[in-house]
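Naming: A, B, ... by sequence-line order, numbering from 1 per chain. A quick note: this is a predicted structure, and the numbers were derived from the prediction, not measured.
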Amino acid sequence: MSYRLLSVDKEDLATPPGLKERNYLGLSDCSSVDSSTIPNVVVPEIEKSNLNFKATELRLGLPESQSPERETDFGLLSPRTPDEKLLFPLLPCKDHASGATTVHKNVVSGNKRGFSDTWDEFSAVKGSVRPGGINMMLSPKVTSNTKNDVKKCIQEERSNAKSGLKHAPAAKAQVVGWPPIRSYRKNTMASSTSKNTDEVDGKPGLGPLFVKVSMDGAPYLRKVDLRTYTSYPQLSSALEKMFSCFTLGQCGLHGAQGRERLSEIKLKDLLHGSEFVLTYEDKDGDWMLVGDVPWEIFTETCRKLKIMTGSDSIGLAPRAMEKSKNKERIPLRA
Amino acid sequence: MNYFPDEVIEHVFDFVTSQRDRNAISLVCKSWYKIERYSRQRVFIGNCYAINPERLLGRFPCLRSLTLKGKPHFADFNLVPHEWGGFVQPWIEALARSRLGLEELRLKRMVVTDVSLELLSRSFPNFKSLVLVSCEGFTTDGLASIAANCRHLRDLDLQENEIDDHRGQWLSCFPDTCTTLVTLNFACLEGETNLVALERLVARSPNLKSLKLNRAVPLDALARLMVCAPQIVDLGVGSYENDPDSESYLKLQAAIKKCTSLKRLSGFLEASPHCLSAFHPICHNLTSLNLSYAAEIHGSHLIKLIQHCKKLQRLWILDSIGDKGLAVVASTCKELQELRVFPTDLLGGGNTAVTEDGLVAISAGCPKLHSILYFCQQMTNAALITVAKNCPNFIRFRLCILEPNKPDHVTSQPLDEGFGAIVQACKNLRRLSLSGLLTDQVFQYIGMYATQLEMLSIAFAGDTDKGMLYVLNGCKKMRKLEIRDSPFGDTALLADVNKYQTMRSLWMSSCEVTLGGCKRLAQKAPWLNVEIINENDNNRMEENGHEGRQKVDKLYLYRTVVGTRTDAPPFVWIL
């Protein structure tokens, strides 16, 4: 089930175009922007059908927010406006091939500072910036369509390029393990270039920056390239996808029969009582809550990421809460 | 030969050093098998799970040098979770127990721990050479054990490993009596080193031929080190960060001039261009130049440097050199054998630094070129056809067009014809990596013409199972096949199960292979380890009855004589 609890301002600023909401009926794609690791399995086969439904969807959002440059997300669905929403919570997924579940929950609940709250002010995502880091750790079922999606994305992207739309090159969609360059090389280049950003003439992007991501209770850790994201929501979304299998153990294996495994109850639990908080270790070895600092500073200081359970993060929360109280709220746009 | 006593035959065998030749010798007859195995000193094991240490030692009890490879190649690109496997500990334990006179250990893509390094350092009194490539799991403490305990250490060669740098004093752990070093490569370490200890170590190592420093060694220390070791042949200058004051720079220039044996140069991680000219005096001797980490040096300075390097055989460079720079390489470096052009901008921001023109220029200008790795934004069939005509001697041809599925940018056609021309012309091609828009047709060409092909990397290519079938049926010498994001499924996987007996391994990720297909394969081929790397909860796979539709995310299969491995993590399911 998918439901929206949010205000319009967050949509404008915070939701990068690449994130999509999903619903069980497959009517539209939803993006998940939440601090908890809600499973978010991508369903590319819905993409084509979504194009038809687009016209009939209810939308909550600014009419001009149709953002055409967002097609290049590999493995994600067709372009969507940031403002696509459903006004109503939908029925639990019954027929949905990959069992994708998304919750879009931008309102801080209780004492827990929502992840989305923190990047309101710092979000560098403007309408013209394409999402960068859609990590391709998708379920296998999903990736069976990857090639078609990729082709589609590439074609769309090329047509956009021809039509003269400007893209921030750093935000181009990334595929895991592509281009085939060793992490060692990527990291070394990143360390080198980050020290000399001012003298680089016109080079749009810095080298990749891999950091390890661990999660309490997960059997193994992963690595993400921070440079493939340009904002916290993207990172959050990608991490959710990556670690979804751990939070929702019954999650559809290869997407095929996943829906049968999902239980409504589990999702609700996760949504409401989500205990997962994203933290990082900075250069000084301190563990901080992700989202406190502007994205650019975060990428420079982050050394490791960790998805902690709520209880572990309690020590971090108060400081964060203080900071968040001091932050200005950006006013709603009409 | 049967009339000669064993000792004579053994003596003859001593001249045969190549692994493959020795393997062939051992198949001739029982007597040769026996003689060969007792005299075998070096063994190469391409997949550490294909055999176990006990059986290895059983056959080759006099082993002195062992090379092991662990994780599959795509682990380099983050496609294999960290805990997948490839642990060296059981090997070192077994070797230690057997009291083998091990002298050399070379590991690639394996998990090495400080415990392993400590055990290694204490178990083999004659240990001489440690080469670790793309390994992980250890810290500088492990290096300290090696330094302290290996009395006759000759080579400590760390290439692109992930090492936890405790910023300790591992370099000072080399005892004063250690004077035997020939190779010292710690370029991949991130932390500061004890410069005094390093200088003293270099000063007392008259045989030191290869020294590769990490980024934390400042320029003046580099100059002093070069003064201590003018005999150096292979130098990694570390960060080469400057600007030094004029006095230090003069000292550096003077030191460089004295290194008349210098043939290989690398490093330059932070280098700023104007200090490159310090190396100009010795450039004419260089046979190998690696500037592929020098992000700060732009085309014109690279060109100035390369113009002096007339004897260059190997060049690793960034695409910031541009097509113009490659044209200079083509006209200057007539001895060039291997070229690698890496992308500066990994995000593909449209910086078309090198194009098909650069590749064509190189192929036209460098007749001895046999290995190429080329990252670019665009390619055409016409260019590839020209390259094939110019350079029929390719052994390794790896082309990576950064954007997946990109067609010929002029004709919008797939690149089938271009790659087809390459495999047709290059009769000795052993390794091929494909990219760009490709249909089944390219695989038909590969199956038809690439008779010597041993390793093939496929990504985002092909249309149907036929593509993979062409390759499996045609390439008789295929050893390693790795495929990602291509529409090949069970039909291709199961068509010829015995084929996998002739191959080292097959990797398929994000393809159309199903769990049912993999299970059938595992049943038909008990001598294969069929591993499914499953990001999700493993147990779920069993309960589901719809295996035929359940796509497998990552499949890795390899032949083995020792059955299922016991160290697989829970997310790896071995059928």
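- One N or O on the side chain of A:W178 and one on the backbone of B:L402 form a donor-acceptor pair closer than 3.5 Å.
- Using a 4.5 Å cut-off between heavy atoms, B:S292 contacts chain A through both its backbone and its side chain.
- With a 4.5 angstrom heavy-atom cutoff, B:I401 touches chain A only via backbone atoms.
- Per-residue heavy-atom pair counts under 4.5 Å with chain A were compared for B:F342, B:F74, B:F375, and the maximum is reached by B:F342.
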Could you walk me through whether A:S183 and B:N78 satisfy the side-chain hydrogen bond (donor to acceptor under 3.5 Å, both in side chains) test, starting with their C-alpha distance in whole Å, then the side-chain angles of each, then the deciding distance to 0.1 Å, before giving a yes or no? CA-CA 7 Å; A:S183 321; B:N78 270 10; 3.3 Å; yes

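- A distance of 11.5 Å separates CG in B:D76 from CZ in A:R185, rounded to the nearest 0.5 Å.
- Nearest approach of B:T344 to A:M189, heavy atoms of both residues: CG2-CE, 4.5 Å.
- At least one side-chain heavy atom of A:I181 sits under 4.5 Å from a side-chain heavy atom of B:P343.
- When only modelled atom types and interatomic distance are considered, B:R215 and A:T188 share no side-chain donor-acceptor pair under 3.5 Å.
- Proximity of a side-chain donor or acceptor of A:R182 to a complementary backbone N or O of B:A75 within less than 3.5 Å is not detected.
- Residue contact with chain A, scored on non-hydrogen atoms closer than 4.5 Å, involves the side chain of B:E162 exclusively.
- Between B:Q159 and A:Y184, every side-chain heavy-atom pair lies at or beyond the 4.5 Å cut-off.
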